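Notes for the one structure printed next.
What you are looking at is a predicted structure, and each value in this text was computed from that prediction instead of being measured. For the single chain, residues carry numbers from 1 onward in sequence order. For ligands, and for the atoms within them, numbers begin at 1 and follow the listed sequence.
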Amino acid sequence: MTEVWAVLVAAGRGERLGAGQPKAFVAFNGRPLLAESLSRLDTSEIVGNVVVVAPPGWEESAILCAEEENASNVITCVPGGDTRVDSVRAGVAEVPAEADIILIHDAARPLVTDDVIERVVEALRDDIDGAVPGLPISDTIKQAPAGLVERTVPRDGLFVVQTPQGFRAEIFRRALAEVDQTASDCAGMVEAIGGRVRVTLGDPRLAKITTEADLALVEGLARP
Ligand code: CTP
Ligand code: MG
């Protein structure tokens, strides 16, 4: 059976949200934001075990949160690093060698579902090394580096990508060891070492919480 591990990165400072505490611990419909994705990953039919990456000094609070959610598949909690990639590295270091697939998920995207997880894991077939959920872009995209339009970018084949992003464990570990540039997402690192990455259908409810307006919006999406 394929062993799937999830690394939940929650170690960011949440500067753009500006709540005076890390974003993962801001209230989201009455619980810490972290609790939402953590409990969803914990109860997933596909994910076996979860590693949480917390802001340094917040490990105890993260463990408490896992206990309150009865999240028994949460194996460990480690402190994150200065950048998201550092935090991903810290989390992946806790994933045992037996893991076949590693999913990386942002706590800033609380509304992860088993449907998306299933599509990501399912996409890792044949010679595919990585899979990312994405939504086709519906807006018109203009390239205007200095404010003056140089061109209208054809939308065909353009996607906005989300997390969880899934990878074959072996190639992902290699990408983390070899790529030192700060790719803007995990898949970018696998692409950089020649890995084949597929885009699968994401979910509009997987919107990322960056600002206070996003927080209210995603809280609304969570309500039935
Ligand atoms: N993240 C992390 N470690 C970091 C930076 C980010 O684990 N050093 C995580 C965040 O906790 C979040 C995800 O990566 O779940 C996406 O990052 P982002 O939305 O940028 O969150 P923050 O870095 O916390 O926010 P900001 O950039 O506004 O400070
Ligand atoms: Mg950030």
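- Tested against P164, the residues V121, I104, V7, V116 include a single side-chain contact (heavy atoms from CB on, under 4.5 Å) partner, V116.
- Of the protein's non-hydrogen atoms, the one nearest atom 11 (O) of ligand 1 is G12 N, 2.9 Å.
- Under 3.5 Å, the side chains of Q162 and D203 contain no donor-acceptor pair of N or O atoms.
- Counting heavy atoms under 4.0 Å from ligand 1, residue T83 touches it through the backbone alone.
- The side chain of S87, and not its backbone, has at least one atom closer than 4.0 Å to an atom of ligand 1 (non-hydrogen atoms only; side chain from C-beta on).
- Atom 29 (O) of ligand 1 has as its closest protein heavy atom E15 N, 2.7 Å.
- For the residue pair D214 / T211, a side-chain donor-acceptor distance below 3.5 Å is found, with atom types taken as modelled.
- Only the side chain of K23 comes within 4.0 Å of ligand 1, judged by heavy-atom distances.
- Remark: N73 engages no residue in a side-chain hydrogen bond (donor to acceptor under 3.5 Å, both in side chains) (not counting sequence neighbours).
- Considering only non-hydrogen protein atoms, atom 20 (O) of ligand 1 sits nearest to R16 NH2, 2.9 Å.
- Looking at K208 against ligand 1, only its side chain comes within 4.0 Å, counting heavy atoms.
- There is a side-chain donor-acceptor pair under 3.5 Å between E3 and W5.
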